[in-house]
Amino acid sequence: MDKSVKKRPLRVCILTNIPAPYRLPVFESLGQYVNLTVFYCKDSSSERQWTIDIGSENVQNDILTSLKLPFVSKYFTYNPTLRSILLNELFDVYIAGENFDTASSVITLQKAAQRQKKPFIIWSEAIDTQYASGNIVSNQYRKCLYRKADYFLAYSEMASTFLKHRKVPMHKIKRGYQIVPDEQLRPPTKNKKQLGFADKIVLLYLGYFEPRKGLDLLITTFKGIPCENCCLVLVGDGPQKQDLQSLASEDSRIHFMPYSEGVEKSNWLHAADLFVLPTQHDPWGLVVNEAMMAGLPIITTQAAAVSEIIDENGFIIPPNDPSALRQALETLIHQSDLRLKFGERSQKIIKKYDVALATSAFLDVINHTQQMDITTV
């Protein structure tokens, strides 16, 4: 008679800000190994216009009741039901995305872990750049929070550095990975000619239109490049759109296209010849993953955490540097062989950044907590 006892799956909860299409497959995969509940602090964000189905076989997804509380020039999210939920549902591991605007719920989760004497993990994307390095309030919040965490899942090398600069011991930091699941970049249904850009060299930006993305610099720099068969296509929406359209109005080579997702996004990525993210601050920049999956050479800045995966497939330039941006743009505009070489390299690099890699990072940090004597932390 087999007297072995099958271990019950660990009960793990993750608290994050909003449902995101690139996260859901990772959670679904993780849910095959642990009993996973994911709490979302709100259902959407003004910066994100995704269409999402959060139905799942392996994960209990829960969009929490939320309230917007004004704080100085922004709003905080407050989830009034979270505390009572955590009093009735007990978990073995607690993981919180450390978004500052959901600080009250992160603290609520930490206190639940402390009550149960269970591991508390911070999942961090925060980075330091000249554009943003937190403020007095957010840095003090993190200073207090970090002392109470058992482990950290840093979603980039820049995020690891951010934590180290705030006195987090290196042995507590595990690496996580930002990925775009393969199924999210669908096969295109239209080519460059069908989109109206036949025989053009298409420079593409795809994303949110706001000052930190550096789009005013991109437009100004592109306007100064003499190239009749080039065009700059900016796909997206955001609060800066009208100002950018006004800035670009004198150049007929610059085109604004509405926010796109699914097949429409794939059409633009596959029609482009190179991708540009001239950001001043990006905790990652997942659209670069998508552009690399589509086989594009990349131009981005040192202020984008995604720059860590640019390796002989594009150019990494300083933020707010018009000369460096122009040189990178002109090099790729005029060298078709280099664009092809960089694009092939992009596809080779990005292959390893998949759901399995992202899942393994979560499992690694969870498994490390199970070897700890949590009562001594």
[X] (side chain) donor-acceptor with [Y] (main chain) under 3.5 angstrom:
{"X": "Asn267", "Y": "Thr189", "answer": "yes"}
{"X": "Asn88", "Y": "Ser84", "answer": "yes"}
{"X": "Ser260", "Y": "Pro258", "answer": "yes"}
{"X": "Arg175", "Y": "Ala154", "answer": "yes"}
{"X": "Asn135", "Y": "Ser138", "answer": "yes"}
{"X": "Asn17", "Y": "Gly97", "answer": "no"}

Transitive ILVMFWY cluster of Val263, excluding itself - 4.5 Å side-chain cut-off: none
Members sharing Met170's hydrophobic cluster (side chains within less than 4.5 Å): none
Enclosure of [X] [atom1] (heavy-atom neighbours >12, cutoff 6.0 Å):
{"X": "Arg115", "atom1": "CZ", "answer": "yes"}
{"X": "Leu87", "atom1": "CG", "answer": "yes"}
{"X": "Tyr131", "atom1": "OH", "answer": "yes"}
{"X": "Lys193", "atom1": "NZ", "answer": "no"}
{"X": "Gln130", "atom1": "CD", "answer": "no"}
{"X": "Lys111", "atom1": "NZ", "answer": "no"}
{"X": "Gln194", "atom1": "CD", "answer": "yes"}

Where at least one partner belongs to [range], residue pairs that pass salt bridge (Lys or Arg N to Asp or Glu O under 4.0 Å), sequence neighbours excluded:
{"range": "residues 345-365", "result": "Asp311-Arg345"}
{"range": "residues 318-343", "result": "Arg326-Glu330"}
{"range": "residues 99-109", "result": "Lys42-Asp101"}

Phe91 six-ring face occupied by Arg11 cation (under 6.0 Å, within 45°): yes
Heavy-atom check, side chain of Ile95 versus side chain of Leu153, under 4.5 Å: no
Are [X] and [Y] connected in the hydrophobic side-chain network, where two residues link if heavy atoms are under 4.5 Å apart?
{"X": "Ile349", "Y": "Met158", "answer": "no"}
{"X": "Leu296", "Y": "Leu340", "answer": "no"}
{"X": "Ile127", "Y": "Val306", "answer": "no"}
{"X": "Leu86", "Y": "Leu145", "answer": "yes"}
{"X": "Phe120", "Y": "Leu90", "answer": "no"}

Using a strict threshold of under 4.0 Å (side-chain N to carboxylate O), is an ion pair present between [Y] and [X]?
{"X": "Lys192", "Y": "Asp199", "result": "no"}
{"X": "Glu125", "Y": "Arg23", "result": "yes"}
{"X": "Lys200", "Y": "Asp273", "result": "no"}

Pair Asn79, Ser66: side-chain N/O donor-acceptor within cut-off below 3.5 Å: no
Check: Asn320/Gln280 side-chain N/O donor and acceptor closer than 3.5 Å: yes
From [atom1] ([X]) to [atom2] ([Y]), nearest 0.5 Å:
{"X": "Leu274", "Y": "Leu329", "atom1": "CG", "atom2": "CG", "result": "7.0 Å"}
{"X": "Glu308", "Y": "Gln302", "atom1": "CD", "atom2": "CD", "result": "14.0 Å"}
{"X": "Leu204", "Y": "Leu234", "atom1": "CG", "atom2": "CG", "result": "8.0 Å"}
{"X": "Tyr155", "Y": "Ile179", "atom1": "OH", "atom2": "CD1", "result": "7.5 Å"}
{"X": "Gln184", "Y": "Leu24", "atom1": "CD", "atom2": "CG", "result": "8.0 Å"}
{"X": "Leu15", "Y": "Gln110", "atom1": "CG", "atom2": "CD", "result": "12.5 Å"}

Heavy atoms only: give me the nearest [X]-[Y] pair and the separation to one decimal.
{"X": "Val355", "Y": "Pro25", "result": "CG1-O, 3.7 Å"}
{"X": "Phe315", "Y": "Ile310", "result": "N-CG2, 4.3 Å"}
{"X": "Ser124", "Y": "Leu163", "result": "OG-CD2, 4.2 Å"}
{"X": "Thr221", "Y": "Pro322", "result": "CG2-O, 4.0 Å"}
{"X": "Pro318", "Y": "Ala324", "result": "CD-CB, 4.0 Å"}
{"X": "Val93", "Y": "Ile366", "result": "CG2-CG2, 4.3 Å"}

is_close_aromatic(Tyr146, Phe152), centroid dist under 6.0 Å: yes
Phe362 ring center near Trp123 ring center (under 6.0 Å): yes
Audit row: Phe256, Ile254, side chain to side chain contact (heavy atoms under 4.5 Å, CB included) steps and yes/no: CA-CA 7 Å; Phe256 287 82; Ile254 303 175; 4.1 Å; yes
side-chain hydrogen bond (donor to acceptor under 3.5 Å, both in side chains) between Asp243 and Ser246, worked out: CA-CA 5 Å; Asp243 290 340; Ser246 177; over 6 Å; no
Full working for salt bridge (Lys or Arg N to Asp or Glu O under 4.0 Å) between Arg253 and Glu228: CA-CA 8 Å; Arg253 302 172 302 159; Glu228 291 301 319; 6.0 Å; no
Worked verdict on Ile14 versus Tyr40 for side chain to side chain contact (heavy atoms under 4.5 Å, CB included): CA-CA 8 Å; Ile14 294 176; Tyr40 300 99; over 6 Å; no
Working for side chain to side chain contact (heavy atoms under 4.5 Å, CB included), residues Ser346 and Ile298: CA-CA 8 Å; Ser346 282; Ile298 306 298; 4.2 Å; yes
Whether Tyr205 and Phe209 hold their rings parallel, tilted or perpendicular, with breakpoints at 30° and 60°: tilted
Plane angle bin for Phe76 and Phe100 - parallel if under 30°, tilted between 30 and 60°, otherwise perpendicular: perpendicular
Audit row: Lys68, Thr77, side chain to side chain contact (heavy atoms under 4.5 Å, CB included) steps and yes/no: CA-CA 5 Å; Lys68 289 174 66 175; Thr77 300; 5.6 Å; no
Inter- and intrachain pairs under disulfide (SG to SG under 2.5 Å), touching residues 182-229, at least two apart: Cys227-Cys230
Intermediate values then yes/no, salt bridge (Lys or Arg N to Asp or Glu O under 4.0 Å), Glu98 and Lys148: CA-CA 13 Å; Glu98 62 154 329; Lys148 299 175 181 179; over 6 Å; no
